[in-house]
Amino acid sequence: MTTNPTSTTTPPSARAGRREWTALGVLMLPLLLVSMDVSVLYFAVPAISADLEPSGTQQLWIFDIYAFVLAGLLMTMGSLGDRIGHRRLLLIGAAAFGTASLVAAYANSAETLIAARAVLGIGGATLMPSTMAILRTMFTDPAQRAKAIGMWSGVMTAGIALGSVMSGVLVEHFWWGSVFLVNLPSMALLLALGPILLPESKDLAPGRFDWLSVPLSMAAVLPVVYGLKEIPSEGWNVRYVVSITVGLLFAALFVHRQRTAAAPMISPDLFRGRGFAPSVGLNLVCMFAVMGSSYFTTQYLQSVLGKGALEAALWALLPSVPIGAAGPVATQLVQKGVNRAYVVAAGFAIAATGFVLLSLAGTDSLWLVLTACAVLAVGGVTVMSQIMDLAMGSAPVERAGSASSLLETGAEFGGALGMAVLGSIGTAIYRHEIPASAPDAAHETLGGALAVADRVPGLATAAREAFTSGMQGAAIAGAVLLAGAAGLAAVALRRVEVPEGSCETPDAPSKLSASGVR
């Protein structure tokens, strides 16, 4: 790999100091909030519905539009950051995120709240790839970069679990708008300290921005994510199958555009690094497992064990406790000479073990399910921390934003696909095992069965057993998939390592401008 001697990047041998680690702490704030906002409305929706009286369609958009806009704009914002500067885009996104949070907190109509949530999604799409790209610029030492990315992965995963709990606590003691106001202090701190602590970095010769790729990327991502998210609850409706098909057609057009455009949004050069393409694929599989399992465990805690929403969310926090150690331990193993391929394979094997434990759960297995979730989460974070480090180290540093956005878009696809596939397996088993004489509502979902259970003796018990059987079947499928991913990782990554200090692909000299950290 070649390095341009005139590049203004910090020399690869330079180690980050106190200033850079402090800056990393500042970067973790927006990342935590963006990940929390995915789940922060879980307990606020009833209060919002009582106050704003949205229609059924409006309520769905209030909840879903954030994730849709976020997923649709990740690639656009990653590429834009490479062009205008990641720190600049991060600060613009932070200002938009804070402003939209304030508007959402005091929204007096469903339309205003939907619009504010859409802007929050735009802001989130700028923040996620920008944080990773800036991290890549600050930590040029491979060992330090790996530790920093491990922390990034842990914060990202923990934020999703923390969001629902914070939502419940705030709504219980304050009004629903408080779930948005918690964003303001962190964004204000980022806007104050970001210009001082964070470096600016961008590609000095990116070419013209490919505006045609923006609608193509959104047309590829949104229909697929929408269809996959709806299938678990609504089944394989023709509308959702058509939506996914349309998205895949636009995805093919998007790929063709990137391969033929003079200055594509996502440069094919990213895939010249041997570790990048496998990393994107394995990261997708990892999120498939993590999000697919959560589809069952959240329902299990509430509908099978009968716990209240807030109580269930508090129990769900316990599996997050060991997450903080998973990334650093994996990083230490790699730094001590263990081949990264085997560490990633071990992570998949650990996650598969979590699915095996989940397949053994009965209708009264709280601690077994929590243990399964913890084991699965540890395996997932082990995989993600190493995969992201490998991908970011393999990609040209001047395209760190684009690389990060591809990883995160793949994660969105993987999560939606996991919920669709595993959810469909569980639903099929549930419907097969529910008594044929049960009311129609009971054949649709566990929630539907419990709603009419008082009219049919024994239905509640039968429905809970059927749901648990469905969870067991989906867990077995997840375990098989992850066992296969472990073998694939061991083979595909065995000879893939980023040479120490490298930051570029072959024949791609550095064109990065980096400044702001001393």
Side-chain angles (χ1 to χ4, degrees), residues 8-37 81 84-98 101 123-124 126-159 162 166 182-202 320 323-332 335 381 384-385 388-389 392-393 397 400-401 403-404 408 501 503 512-518:
T8 59
T9 55
T10 308
S13 60
R15 291 178 59 81
R18 182 181 301 175
R19 185 187 185 94
E20 287 79 11
W21 289 107
T22 302
L24 178 63
V26 174
L27 276 182
M28 293 299 100
L29 291 174
L31 177 65
L32 180 65
L33 292 174
V34 169
S35 59
M36 283 172 53
D37 259 48
I84 72 170
H86 298 295
R87 182 179 67 184
R88 178 183 297 177
L89 186 62
L90 179 71
L91 296 178
I92 292 172
F97 202 88
S101 297
T126 69
L127 296 172
M128 292 178 69
S130 294
T131 56
M132 178 59 75
I134 293 173
L135 181 154
R136 178 69 177 86
T137 301
M138 291 193 301
F139 297 94
T140 54
D141 176 76
Q144 291 187 319
R145 184 186 67 227
K147 291 179 181 178
I149 289 179
M151 294 172 63
W152 192 98
S153 302
V155 168
M156 187 70 187
T157 305
L162 186 60
M166 179 173 288
V182 294
N183 297 333
L184 298 182
S186 296
M187 291 302 164
L189 187 64
L190 175 61
L191 290 170
L193 297 181
I196 300 172
L197 294 175
L198 302 178
E200 182 60 285
S201 61
K202 61 181 178 180
S320 302
I323 286 177
V329 169
T331 298
Q332 285 295 319
Q335 292 175 355
V381 171
M384 285 190 286
S385 64
M388 297 190 79
D389 182 46
M392 297 307 293
V397 69
S404 175
E408 289 154 10
C503 57
L512 176 78
S513 168
S515 62
V517 173
R518 297 289 183 266

Exercise for the section: Determine whether Thr22 and Leu193 make a side-chain contact, defined as any pair of heavy atoms from C-beta on separated by less than 4.5 Å. Expected result: no

Exercise for the section: Drop me the distance from Thr131's OG1 to Leu24's CG, to the nearest 0.5 angstrom. Expected result: 9.5 Å

Problem - Shortest non-hydrogen separation from Gly93 to Thr126 and the atoms involved - result: CA-OG1, 3.0 Å

Exercise for the section: Nearest 0.5 Å please: distance from the CG atom of Leu191 over to the CD1 atom of Ile92. Expected result: 10.5 Å

Fill in the blank from the handout: Heavy-atom nearest pair, Ile134 first then His86, reads CG1-CB, 3.8 Å

Problem - Inter-residue atom distance Met187.CE - Leu127.CG, 0.5 Å rounding - result: 5.0 Å

Problem - Value rounded to 0.5 Å, distance of CZ in Phe97 from CG in Leu184 - result: 10.0 Å

